[in-house]
Amino acid sequence: VRRHAERAAYDRETVNAILDAAVICHLGVLALGSPLVIPTSFVRIGNRIYLHGARANRSLALAGGSPVCVTVSILDGLVLARSAFGHSMNYRAVVVLGKATIVTDAAEKLAALVAFVDHVIPGRSAEVRPPSDSELASTTVLSVNLDEASAKIRTGPPIDTQADAGVSAWAGEVPMHTEFGEAVAAPFIVSDTSEPASIARLRRERA
Ligand SMILES: Cc1cc2nc3c(=O)[nH]c(=O)nc-3n(C[C@H](O)[C@H](O)[C@H](O)COP(=O)(O)OP(=O)(O)OC[C@H]3O[C@@H](n4cnc5c(N)ncnc54)[C@H](O)[C@@H]3O)c2cc1C
């Protein structure tokens, strides 16, 4: 990180905490010489992040065996300065550079897919039908190791210049966070329509 290097962190604990708090990333690949950046879900297991999708997924096919850049960003707040120029955002972000490897080991692939579900909704994989052989075969799973990962975190108020201190505009922070609403049961549910434990826990823990 070159600009505001004081906001950077490279230790695994900080990087992991940001990755574990996020559910989507952006996968950057080279597509016939042009950059292609696609939003997708991911999960971290140990020293690797895993991405998955349909076999026909172009960005995953391009990424397999190739250098990629995966970014994660979580918006924590808006930062309003007295000048338009001084406005900013509070955030936690990670950039991972590495080579994406196609996961061929069946046990590793299944573990990654289970972890995907539980990363987004902890405990959900135990409530649903596990993936079938044909579903596993039609799914590509990629992994990228975290050896080259950087974090950048901005917190705190706007940084107004001394010259702007007298400008009367309001300045400060507006915090942001993700909130889950009441679950709505699907119309074709035939059994118990009450909220599953995983959703109740999700709302409680992410509130
Ligand atoms: C939500 C959000 C909004 C932002 N808005 C702006 C904006 O409007 N304008 C702006 O200039 N910057 C913005 N940034 C910061 C931006 O991500 C870069 O940090 C910034 O462009 C400076 O990059 P650089 O030139 O120092 O590094 P670069 O030369 O671009 O990158 C060098 C290396 O530094 C690391 N790095 C750079 N940025 C990050 C990062 N954010 N997180 C983790 N590692 C990083 C990567 O490893 C990268 O390979 C925003 C960041 C976030 C998360």
Side-chain angles (χ1 to χ4, degrees), residues 1-30 35-53 57 59-60 62-79 88-105 107-125 139-157 159 173-180 201-202 205-207:
V1 175
R2 297 175 304 125
R3 294 216 55 247
H4 284 292
E6 77 286 357
R7 293 177 184 163
Y10 305 95
D11 64 285
R12 190 48 51 84
E13 207 179 315
T14 305
V15 167
N16 286 355
I18 296 170
L19 293 174
D20 294 350
V23 289
I24 63 156
C25 67
H26 287 82
L27 167 66
V29 295
L30 270 182
L36 176 71
V37 180
I38 296 291
T40 189
S41 57
F42 78 101
V43 65
R44 178 187 73 84
I45 304 176
N47 188 39
R48 306 188 78 82
I49 52 170
Y50 289 82
L51 304 108
H52 82 308
N57 179 322
S59 60
L60 292 183
L62 289 165
S66 302
V68 296
C69 176
V70 180
T71 64
V72 166
S73 45
I74 302 170
L75 204 47
D76 289 325
L78 305 178
V79 180
S88 188
M89 291 174 182
N90 282 334
Y91 58 77
R92 288 163 286 160
V94 165
V95 174
V96 180
L97 301 170
K99 190 172 144 186
T101 307
I102 296 176
V103 176
T104 52
D105 180 79
E108 185 183 4
K109 188 172 179 177
L110 183 60
L113 292 171
V114 169
F116 265 109
V117 174
D118 286 338
H119 174 53
V120 182
I121 309 167
R124 182 62 178 162
S125 67
T139 304
T140 296
V141 175
L142 294 181
S143 81
V144 184
N145 84 36
L146 294 171
D147 290 347
E148 236 183 289
S150 56
K152 190 172 178 184
I153 301 172
R154 190 202 188 282
T155 56
I159 306 167
E173 299 163 60
V174 185
M176 285 177 66
H177 59 268
T178 302
E179 202 175 85
F180 292 96
R201 190 181 319 124
L202 180 73
E205 288 175 7
R206 296 265 172 99

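Scope of the values below: all heavy atoms of this structure, side chains included, with no hydrogens, waters or symmetry mates.
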Do the side chains of [Y] and [X] get nearer than 4.5 Å, heavy atoms only?
| X | Y | value |
| --- | --- | --- |
| S41 | V23 | no |
| V29 | I38 | no |
| T14 | I153 | yes |
| C69 | V95 | yes |
| V1 | R7 | no |

For the pair K152 and Y91, evaluate side chain to side chain contact (heavy atoms under 4.5 Å, CB included) and give the outcome as yes or no after the intermediate values. CA-CA 8 Å; K152 190 172 178 184; Y91 58 77; 3.4 Å; yes
Using 0.5 Å steps for rounding, measure from the [atom1] atom of [X] to the [atom2] atom of [Y].
| X | Y | atom1 | atom2 | result |
| --- | --- | --- | --- | --- |
| L75 | M89 | CG | CE | 5.5 Å |
| H26 | L36 | NE2 | CG | 11.5 Å |
| I121 | L202 | CD1 | CG | 6.5 Å |
| H119 | F42 | NE2 | CZ | 4.5 Å |
| N47 | D147 | CG | CG | 5.0 Å |
| S125 | L113 | OG | CG | 11.0 Å |

Does N90 have any side chain to side chain contact (heavy atoms under 4.5 Å, CB included) partners at least two apart in sequence or in another chain, and if so, which? D76, V79, R154, E173
Return the minimal non-hydrogen interatomic distance between [X] and [Y], and the atom names on each side.
| X | Y | answer |
| --- | --- | --- |
| A21 | I74 | CB-CD1, 3.8 Å |
| L27 | A63 | CD2-CB, 4.3 Å |
| I18 | A93 | CD1-O, 3.8 Å |
| D118 | G123 | OD1-N, 3.3 Å |
| G46 | L146 | O-CD1, 4.0 Å |
| A100 | L142 | CB-CD1, 4.2 Å |

Under a 3.5 Å threshold, yes or no: a donor from one side chain and an acceptor from the other, between N57 and S59?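 Yes, a side-chain donor-acceptor pair sits under 3.5 Å.
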Using salt bridge (charged side-chain N to carboxylate O under 4.0 Å, His left out) as the criterion, list what pairs up with R48, not counting sequence neighbours.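 For R48 there are no salt bridge (charged side-chain N to carboxylate O under 4.0 Å, His left out) partners, ignoring immediate neighbours.
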The criterion is side-chain hydrogen bond (donor to acceptor under 3.5 Å, both in side chains); which residues satisfy it with T140, sequence neighbours excluded?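 T140 satisfies side-chain hydrogen bond (donor to acceptor under 3.5 Å, both in side chains) with no other residue.
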